[in-house]
J.: 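This is the structure, below, for whatever I ask next.
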Amino acid sequence: MTFLLHNTASGGKEEFEPLEPGHVRLYTCGPTVWNFAHIGNFRTFLFYDLLRRHLRFSGYRLTHVVNITDIEDRIISHATERGVSIREYAGPYEEAFLEDLATIRFQGVEVMPRATEHVPEMVAMVEKLLAKGNAYQADADVYYRVSSFPRYGELAHLDRAGLKAGARVAADDYDKEDVVDFALWKGEQPGEAAVGAVWEAPFGRGRPGWHIECSAMSLKYLGPTFDIHAGGIDLLFPHHQNEVAQSEAANEAPLARVWLHSEHLADATGAKMSKRLGNVATLRDLLDAGHDPVAIRFFLLASAHYRQKLRLDETGIRAAAEQVRRLRDFAARVDRSQPAPADDPFLVQELEDARHHYRAALDDDLNLPQAVGYLFDAVREANAGLDQGRAGPAALAAMRVLLDDADQHLDVLKEEDRSLEAEVERLIAEREAARAARDFARADAIREELKARGISLEDTKEGVRWRPA
RNA sequence: GGCGACGUAGCCAAGUGGCAAGGCAGAGGUCUGCAAAACCUCCACCGGCGGUUCGAUUCCGCCCGUCGCCUCCA
């Protein structure tokens, strides 16, 4: 079974094969913890989540690195305002970020290094680049000499002539040789020592530029060449392009073999979501608005392919919630179903086909929306089979396997614990007594009351079932 | 100005050179004390104009529209 991934570097889908058989080395750009992450950030993280889950699903062992950027202009400036160190300032946002990830069931990664804890590695790389002539000092700063790296622009499919003609070539107040050169090291500025943002280096006291951290940390944890590097599309240029320039010049080896970039989550009007435009929503905002974290997960993960723009849309989240509900209902039904005496071979075949199609869709550049289409097809057929007593032992087993496969990516079936169980059961019993007495007014009143408390009831031949509405 | 993406039913969305998945919403049924759930049925000719082709939503060109990137934003 071949696994195809769309490689930004080549612009097409390629068969994936890790350097080391059975083991995938993966680097995905992490958050700058200067504030609460917005929901668009989490779309990207759920893309990482899908990628790593499918790699594991495919049997690979993973070493997945996600960096925490805790040295950065905005962090320094806010920390200065508050009179705290950058670690003290960033710590709570880092914690909030990890909490939010857990809320949307992001699977934990193997390594989460902080920039502040890897400055010596960055210094070493800058020294190497200086020694090789790929970098130069200009006063207290060190810049990368883009002209020393002929392949600059290849990854992002930009040529240097185009860059120079770019509309955003800002007036530059640094002593750079070339406007496209970027900072590897920024000399100490007044006030930076007070917030713990200054480090010693042979080329002068200061702090690392942004791009160098990823180059240094990926080298440390994954080696000079690793399998997959991923990030949001906005990181393609200049961030990833600069990483390539730094790492490949320093290590004299290709950085990543496959580059993956996910599209943005747009706001409701279709515009890019960014703090600067003020059109952001955080996960916490959506939760406060009453959305279920699992519905948010499903919405971000499964409603559009990762390379497709997606709009944040409340109707869409509600639709996702309904889909999750349908899957959970079906899973619960499969769990409690007794096998019919005989299997309908057509049903069994359909379920097995669905499982193969599901996997094939994911193997085709992580096409989860398509995979989910097959899944719901199968759910409908399976429900019909259960309705009609055509689901024997083989069909039930096939249903369980399909759900298990799907939930390895979706991770929406498991519900949070139900502490109110006893109370609900008591009210259900009371309502059953009322129904037996044909006191339907009372029975409906209880049902309404539970509904108001977020519990919905279903009367079935096998008895009453309830679930969170 | 340069590079690129997208435009499929009320909404979201997958997809293919040969009669367009799936979900949500909606309508009508079966079942039910009534509901709910489930199932059944119904609901698109794929932005516009040309071209290539036996045949295009799918390939090419142009146009219209939306969006992104072009130095630190997931």
J.: Could you state the atom-to-atom distance from CG of A/Asp141 to P of B/rC72 in whole Å?
T.: 16 Å
J.: Could you check how far CZ of A/Arg447 sits from P of B/rA37, rounded to whole Å?
T.: 11 Å
J.: Write down the distance separating the P atoms in B/rC42 and B/rG68, rounded off to the nearest Å.
T.: 41 Å
J.: Do the side chains of A/Val294 and A/Arg328 get nearer than 4.5 Å, heavy atoms only?
T.: yes
J.: Considering residues at least two apart in sequence or located in another chain, which fulfil the salt bridge (Lys or Arg N to Asp or Glu O under 4.0 Å) criterion with A/Arg53?
T.: A/Asp49, A/Asp411
J.: Out of B/rG15, B/rA74, B/rG2, which has the shortest distance to the side chain of A/His38?
T.: B/rA74
J.: What's touching nucleotides 39-42 of chain B from the protein side, N or O pairs under 3.5 Å?
T.:
unit_1 : atom_1 : unit_2   : atom_2 : d
B/rC39 : OP1    : A/Asn383 : ND2    : 3.4
B/rC39 : OP2    : A/Arg326 : NH1    : 3.3
B/rC39 : O4'    : A/Asp387 : OD2    : 3.0

J.: If you look at every strand shown and take non-hydrogen atoms under 4.0 Å, does A/Gly270 touch a base, only sugar-phosphate, or nothing?
T.: sugar-phosphate
J.: Taking the six-membered ring for Trp, are the ring centroids of A/Tyr358 and A/His409 within less than 6.0 Å of each other?
T.: yes
J.: Please measure how far the C1' atom in B/rG51 lies from the corresponding atom in B/rC43, and state the result in whole Å.
T.: 34 Å
J.: Please give the nucleotide sitting opposite B/rG26 as a Watson-Crick or G-U wobble pair, both distances under 3.5 Å, or none.
T.: B/rC42
J.: List the residues meeting salt bridge (Lys or Arg N to Asp or Glu O under 4.0 Å) with A/Arg333, not counting sequence neighbours, and say none if there are none.
T.: A/Asp387
J.: Per the salt bridge (charged side-chain N to carboxylate O under 4.0 Å, His left out) rule, what does the pair list look like for residues 346-355 of chain A, sequence neighbours excluded?
T.: A/Arg355-A/Asp405
J.: Anything under 30° is parallel, anything over 60° is perpendicular, the rest tilted; go ahead and classify A/His229 against A/Trp259.
T.: parallel
J.: Distance between the P atoms of B/rG4 and B/rC60, in whole angstroms?
T.: 13 Å
J.: Can you measure A/His239 atom NE2 to B/rC72 atom C1' for me and round it to whole angstrom units?
T.: 9 Å
J.: Contact class for A/Arg431 vs. all strands (heavy atom < 4.0 Å): base, sugar-phosphate, or nothing?
T.: base
J.: What's the closest nucleotide to the A/Val179 side chain, out of B/rU71, B/rA14, B/rA74?
T.: B/rU71
J.: Between A/Leu457 (CG) and B/rG33 (P), how many Å, whole number?
T.: 16 Å
J.: Counting distance alone, no hydrogens or angles: does the base of B/rG33 have a donor or acceptor under 3.5 Å from a partner atom on the side chain of A/Asp439?
T.: no
J.: Kindly list each side-chain donor-acceptor pair under 3.5 angstrom involving residues 69-76 of chain A, sequence neighbours excluded, with atom names and distances?
T.:
unit_1  : atom_1 : unit_2   : atom_2 : d
A/Thr69 : OG1    : A/Asn67  : ND2    : 3.1
A/Thr69 : OG1    : A/Glu213 : OE1    : 3.3
A/Thr69 : OG1    : A/Glu213 : OE2    : 2.9
A/Asp70 : OD1    : A/Ala115 : N      : 3.3
A/Asp70 : OD1    : A/Thr116 : N      : 2.9
A/Asp70 : OD1    : A/Thr116 : OG1    : 3.4
A/Asp70 : OD2    : A/Arg87  : NH1    : 2.6
A/Asp70 : OD2    : A/Thr116 : OG1    : 2.7
A/Glu72 : OE1    : A/Arg74  : N      : 2.9
A/Glu72 : OE1    : A/Arg74  : NE     : 3.3
A/Glu72 : OE1    : A/Ile75  : N      : 3.3
A/Glu72 : OE2    : A/Arg74  : NE     : 2.6
A/Glu72 : OE2    : A/Arg74  : NH2    : 2.8
A/Asp73 : OD1    : A/Arg207 : NH1    : 3.3
A/Asp73 : OD1    : A/Arg207 : NH2    : 2.7

J.: For B/rA37, what is the paired nucleotide under Watson-Crick or G-U wobble rules, both distances under 3.5 Å?
T.: none
J.: Donor-acceptor pairs under 3.5 angstrom involving side-chain atoms of residues 28-40 of chain A: please list them, not counting sequence neighbours.
T.:
unit_1  : atom_1 : unit_2  : atom_2 : d
A/Thr28 : OG1    : A/His64 : NE2    : 2.8
A/His38 : ND1    : A/Gly40 : N      : 3.0
A/His38 : ND1    : A/Asn41 : N      : 3.4

J.: Remember a base hit wins even if backbone is also touched, and classify A/Arg74 as base, sugar-phosphate or nothing at under 4.0 Å, heavy atoms.
T.: sugar-phosphate
J.: Across all strands, who's sitting opposite B/rU52 as a Watson-Crick or G-U wobble pair, both distances under 3.5 Å?
T.: none
J.: A/Val372 versus A/Leu368: any side-chain heavy-atom pair under 4.5 Å?
T.: yes
J.: For A/His291, check ring-ring contact (aromatic ring centres under 6.0 Å, His included) against everything at least two apart and list the hits.
T.: none
J.: If you look at every strand shown and take non-hydrogen atoms under 4.0 Å, does A/Leu386 touch a base, only sugar-phosphate, or nothing?
T.: nothing
J.: Tell me which nucleotide, if any, is Watson-Crick or G-U wobble paired with B/rU66 when both distances must be under 3.5 Å.
T.: B/rA5
J.: Using a heavy-atom distance cut-off of less than 4.0 Å, which residues of residues 300-312 of chain A contact RNA chain B?
T.: A/Ser303, A/Ala304, A/His305, A/Gln308, A/Lys309
J.: Across the strands shown, which category fits A/Arg435 at heavy-atom distances under 4.0 angstrom: base, sugar-phosphate, nothing?
T.: base
J.: Measure CG/A/Leu327 against P/B/rA38 and give the value in whole Å, please.
T.: 10 Å
J.: Using the C1' atom as the reference point in each nucleotide, state the distance between B/rU58 and B/rG7 in Å, no decimals.
T.: 14 Å
J.: Do A/Asp73 and B/rC72 have a side chain to base donor-acceptor pair shorter than 3.5 Å?
T.: no
J.: Roughly how many Å is it from OH in A/Tyr152 to P in B/rC70, rounded to a whole number?
T.: 11 Å
J.: Taking any heavy-atom pair under 4.0 Å as a contact, classify A/Gly373: base, sugar-phosphate, or nothing.
T.: base
J.: Is the shortest heavy-atom distance from the side chain of A/Phe3 to the side chain of A/Leu55 under 4.5 Å?
T.: yes
J.: Is A/Asp459 touching bases, backbone alone, or none of the nucleic acid, heavy atoms closer than 4.0 Å?
T.: base
J.: Distance check, C1' atoms only: B/rA9 and B/rA25, in whole angstrom units.
T.: 12 Å
J.: May A/Phe376 be described as stacking on the base of B/rG23, applying a 5.5 Å centroid limit and a 30° limit on plane angle?
T.: no
J.: For A/Asp285, what residues pass the salt bridge (Lys or Arg N to Asp or Glu O under 4.0 Å) criterion, not counting sequence neighbours?
T.: none
J.: Across all strands shown, which nucleotide pairs with B/rU32 by Watson-Crick or G-U wobble geometry, both distances under 3.5 Å?
T.: none
J.: Measure from the side-chain heavy atoms of A/Arg438 and tell me the nearest of B/rA38, B/rG33, B/rA74.
T.: B/rG33
J.: When the distance from CD of A/Glu72 to C1' of B/rU71 is rounded to whole Å, what number comes out?
T.: 14 Å
J.: Counting only side-chain N and O atoms of A/Asn367, is one of them less than 4.0 Å from OP1 or OP2 of B/rG15?
T.: yes
J.: Would you classify A/Glu322 as touching base, sugar-phosphate or nothing, given that sugar-phosphate means primed atoms plus P, OP1 and OP2, and contacts are heavy atoms under 4.0 Å?
T.: sugar-phosphate
J.: What I want to check is whether an N or O donor and acceptor connect the side chain of A/Lys272 with the base of B/rC67 at under 3.5 Å.
T.: no
J.: Taking only the P atom of each, what is the distance from B/rC11 to B/rG18 in whole angstrom?
T.: 27 Å
J.: What integer distance in Å separates A/Glu432:CD from B/rA36:P?
T.: 17 Å
J.: Can any side-chain N or O of A/Asp267 pair as donor or acceptor with the backbone N or O of A/Val280 at less than 3.5 Å?
T.: no
